[in-house]
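Read the structure below first, then the notes.
A note on names: the letters A, B, ... follow the listed sequences, proteins ahead of strands, and every chain is numbered from 1. Because the structure is predicted, anything quoted here is derived from the model rather than measured.
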Amino acid sequence: MSAIIINEPRLQTLRQRYAYSLVTFVFWAFWLYLWLPLVSLVAWLLGINLFYQEMIVQEGYLAFFELVGWYAVTILIMAAVLLGWAGYNLYRFRGKERRKSAAGVDPADIARQFAVEVDQLNQWHRAKRLTIHHNEEGAIDRVDVHPP
Amino acid sequence: MADLFAQFLSVLYQFLFYYPFFMAYLWMIGALFYFRHWEAGPEHRVENTPVLPESPPVSIIVPCYNEGANVEETIQFLVNQKYPAFEIIAVNDGSSDETGRILDALAERTPRLRVVHLAKNQGKAMALSMGALISKNEFLICIDGDALLDEHATSWIMSHFLQGPRVGAVTGNPRVRTRSTLLGKIQVGEFSAIVGMIKRAQRIYGRVFTVSGVVSGFRKSALQQIGYWSLDTVTEDIDISWKLQMNHWDIRFEPNALCWILMPETIIGLWRQRLRWAQGGMEALIRYGNDMFSWRKRRMWGVCLEYFISILWAYSMALVAVIWVARWIFPLPEILQIPSLIPGWHGVVLGTTCLVQFAVSLVIDSRYEKGIGKVYYWMVWYPMAYWLLSVFTTVVAVPKAVFKKHERRGRWESPDRGLRP
């Protein structure tokens with residue numbers, strides 16, 4: 001039996017190996033690109049004068065605080081609604097099972113559903129191996145029960 | 001008029017950014033709450049199988065279509081289930097390879113195994129229905145013919161049926177086996193950061209979008225009430241999930257019911273699989289969407305709305321992409337100018353969100369797999385790629401679902417199953 005986890009990078013073709021490394025690299029680059037403003041912030045910090053000019057005098061940081069503030073408020077509201085709903089359900093249904101367990105389905109009902117005879121169905125339930133033939137409409141045409 | 005249009009565009013741009021951004025947080029909040037409430041604590045560890053008040057017999061159904069290479073291993077794992085009473089029913093769905101012969105030979109030396117051959121290939125939904133018909137028991141566990149079920153899974157799944165009379169299905173926790181390529185590795189992360197997280201969050205708000213087609217348990221009386229699996233859909237799992245929940249049956253997620261699965265490791269394989277998933281979702285929306293306008297179905301509104309908005313989002317994204325490309329080719333009126341693609345602070349928060357979402361999901365998942373944190377390096381950008389993939393598959397799948405010719409049976413070939421030694 002093989003190991004459950006199959007991690008064998010050598011099974012890749014050379015092309016796959018290069019292509020996937022390239023993709024990962026491109027996406028990392030993209031990810032860094034998303035961080036451009038932060039990178040510039042650090043760059044500004046290194047040249048304090050410029051930073052002071054852009055962020056403090058021209059109030060560049062305000063945009064960031066405003067943005068994050070609104071996000072935080074929205075996320076908090078979402079969390080409150082979702083958790084409130086979960087809490088309400090827990091409170092309302094905890095330990096109260098109003099419904100009784102279903103008794104289990106009757107073979108006669110199943111036979112009716114699939115348009116077969118219940119006696120036959122019982123025989124199939126005992127069979128070890130069988131073959132089912134369907135007609136064009138997808139209904140059961142014939143069932144062969146194989147000898148054990 | 002132009003003003004109105006400009007306003008519309010600005011709302012559209014905001015929607016494009018805010019929807020995936022806030023959904024990521026919604027999933028994180030839901031998943032963390034789920035984790036704290038239903039997963040944390042030693043009693044919820046996989047190996048601490050729950051003590052059940054009774055152990056009603058279970059039928060494990062394995063539909064197999066050309067699974068010659070995998071089915072023996074699959075059955076072997078099933079035989080080792082730590083559960084007192086169960087039978088295994090392998091349904092050979094008219095395979096053209098040696099699956100039938102392998103199953104017959106296995107049946108001879110495996111007392112628990114019964115084999116059903118379908119004379120012609122009928123599709124997975126029919127194979128499952130035939131398995132249910134032939135099974136002796138009220139409780140079914142359905143797993144794919146190339147998946148390996150963890151030995152404790154049956155007990156974990158059964159614990160839900162025994163606790164909740166209205167539980168119609170329990171979906172397990174699929175874990176990716178094939179990790180040789182980048183595509184394999186990112187799917188490991190995807191199943192934890194996207195699939196697992198969304199399932200947990202959906203359990204919190206009440207209804208799930210789909211049970212997992214690879215591993216799920218069902219109550220037969222629930223299936224009987226809804227008429228078993230629909231034969232004419234490309235994803236029988238999405239369809240049956242909606243059908244059960246529309247009929248007020250509950251679906252639970254059991255993260256301890258582990259099932260090891262093979263996933264595609266080529267782009268074309270992945271694309272085919274995802275396109276089929278997207279088409280199946282759209283089919284469910286078309287089929288059950290009308291019934292949503294009823295107060296009694298209100299618990300399905302959340303999941304229905306979530307899916308509907310995701311389709312709108314995919315199309316909006318595609319529209320903006322088209323405009324963006326167009327402006328490189330010919331001059332566009334001022335109003336269609338897209339604001340700079342340089343990310344600004346939005347990019348910082350979006351990038352951070354991706355990182356956080358991933359970290360949260362891997363922390364939750366490290367419970368089920370030690371060392372899973374290593375995929376962080378490969379996966380860190382995946383939440384973004386996920387949204388991109390959903391744009392493409394949705395845009396293609398919606399017309400496919402709407403204009404689908406009505407065939408009697410949904411049949412498909414499994415895409416590639418990753419690199420195997």
Are any non-hydrogen side-chain atoms of [X] and [Y] less than 4.5 angstrom apart?
X         : Y         : result
His134(A) : Leu118(B) : yes
His146(A) : Asp104(B) : no
Ile29(B)  : Ile75(A)  : yes
Arg175(B) : Ile4(A)   : no
Lys220(B) : Ile110(A) : yes
Val116(B) : Trp124(A) : no
Lys185(B) : Asn7(A)   : yes
Ile132(A) : Val91(B)  : no

So which part of [X] gets closer than 4.5 Å to some heavy atom of chain B, the side chain, the backbone, both or neither?
X         : value
Gln16(A)  : side chain
Asn122(A) : neither
Leu83(A)  : side chain
Leu121(A) : side chain
Val81(A)  : neither
Arg142(A) : neither

Would you give the length of the straight line joining atom [atom1] of [X] to atom [atom2] of [Y], rounded to the nearest 0.5 angstrom?
X         : Y         : atom1 : atom2 : result
His125(A) : Leu133(B) : NE2   : CG    : 6.0 Å
Arg129(A) : Leu113(B) : CZ    : CG    : 10.5 Å
Gln122(B) : His133(A) : CD    : NE2   : 11.0 Å
Trp260(B) : Ile6(A)   : CH2   : CD1   : 11.0 Å
Gln12(A)  : Thr181(B) : CD    : OG1   : 5.5 Å
Ile204(B) : Leu90(A)  : CD1   : CG    : 7.5 Å

Would you say the side-chain atoms of [X] pair up with the backbone N or O of [Y], donor to acceptor, closer than 3.5 Å?
X         : Y         : result
Arg114(B) : Leu130(A) : no
Arg219(B) : Gly104(A) : no
Lys128(A) : Pro111(B) : yes

Most contacts with chain A, counted as non-hydrogen pairs under 4.5 angstrom, among [options]:
options                                    : value
Gly351(B), Ala90(B), Ala201(B), Gly227(B)  : Gly351(B)
Arg179(B), Arg203(B), Met126(B), Lys136(B) : Arg179(B)
Phe22(B), Phe33(B), Phe21(B)               : Phe22(B)
His37(B), Glu108(B), Glu72(B)              : His37(B)
Glu87(B), Met130(B), Met28(B)              : Met130(B)
Ser135(B), Ser180(B), Ala119(B), Gly100(B) : Ser180(B)

At a 4.5 Å cut-off on heavy atoms, which part of [X] comes close to chain A: side chain, backbone, both, or neither?
X         : value
Gln225(B) : neither
Ile89(B)  : neither
Ser59(B)  : neither
Leu355(B) : side chain

> Ring centroid separation for Trp378(B) and Phe27(A), is it under 6.0 angstrom?
Replying inline: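 No, they do not, as the ring centres are separated by 6.0 Å or more.
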More than 12 heavy atoms from other groups under 6.0 Å of [atom1] on [X]:
X         : atom1 : value
Arg101(B) : CZ    : no
Tyr18(A)  : OH    : no
Glu54(B)  : CD    : yes
Arg298(B) : CZ    : yes

> Which atom pair, heavy atoms only, marks the closest approach of Gln224(B) to Val105(A)?
Replying inline: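 Reported closest heavy-atom pair: CG-CG2, 3.5 Å.
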>> Testing the basics here: between Thr266(B) and Tyr20(A), what is the closest heavy-atom pair and its distance to 0.1 Å?
In response: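 Smallest heavy-atom distance, with atoms named: CA-OH, 4.5 Å.
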> Do the ring planes of Phe114(A) and Tyr228(B) sit parallel (below 30°), tilted (30 to 60°) or perpendicular (above 60°)?
Replying inline: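 Judged by the thresholds at 30° and 60°, the geometry between Phe114(A) and Tyr228(B) is tilted.
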> For the residue pair Tyr18(B) and Tyr71(A), does the interplanar ring angle fall in the parallel (under 30°), tilted (30 to 60°) or perpendicular (over 60°) class?
Replying inline: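 Perpendicular: the ring planes of Tyr18(B) and Tyr71(A) meet at over 60°.
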> Can you name the side chain to side chain contact (heavy atoms under 4.5 Å, CB included) partners of Asn135(A), sequence neighbours left out?
Replying inline: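 Glu137(A), Ala139(A), Asp141(A).
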>> Assess the residue pair Glu136(A) and Lys120(B) against the criterion (salt bridge (Lys or Arg N to Asp or Glu O under 4.0 Å)); give the C-alpha distance rounded to whole Å, side-chain angles, the decisive distance to 0.1 Å, and a yes or no.
In response: CA-CA 10 Å; Glu136(A) 282 305 303; Lys120(B) 272 194 208 141; 3.8 Å; yes
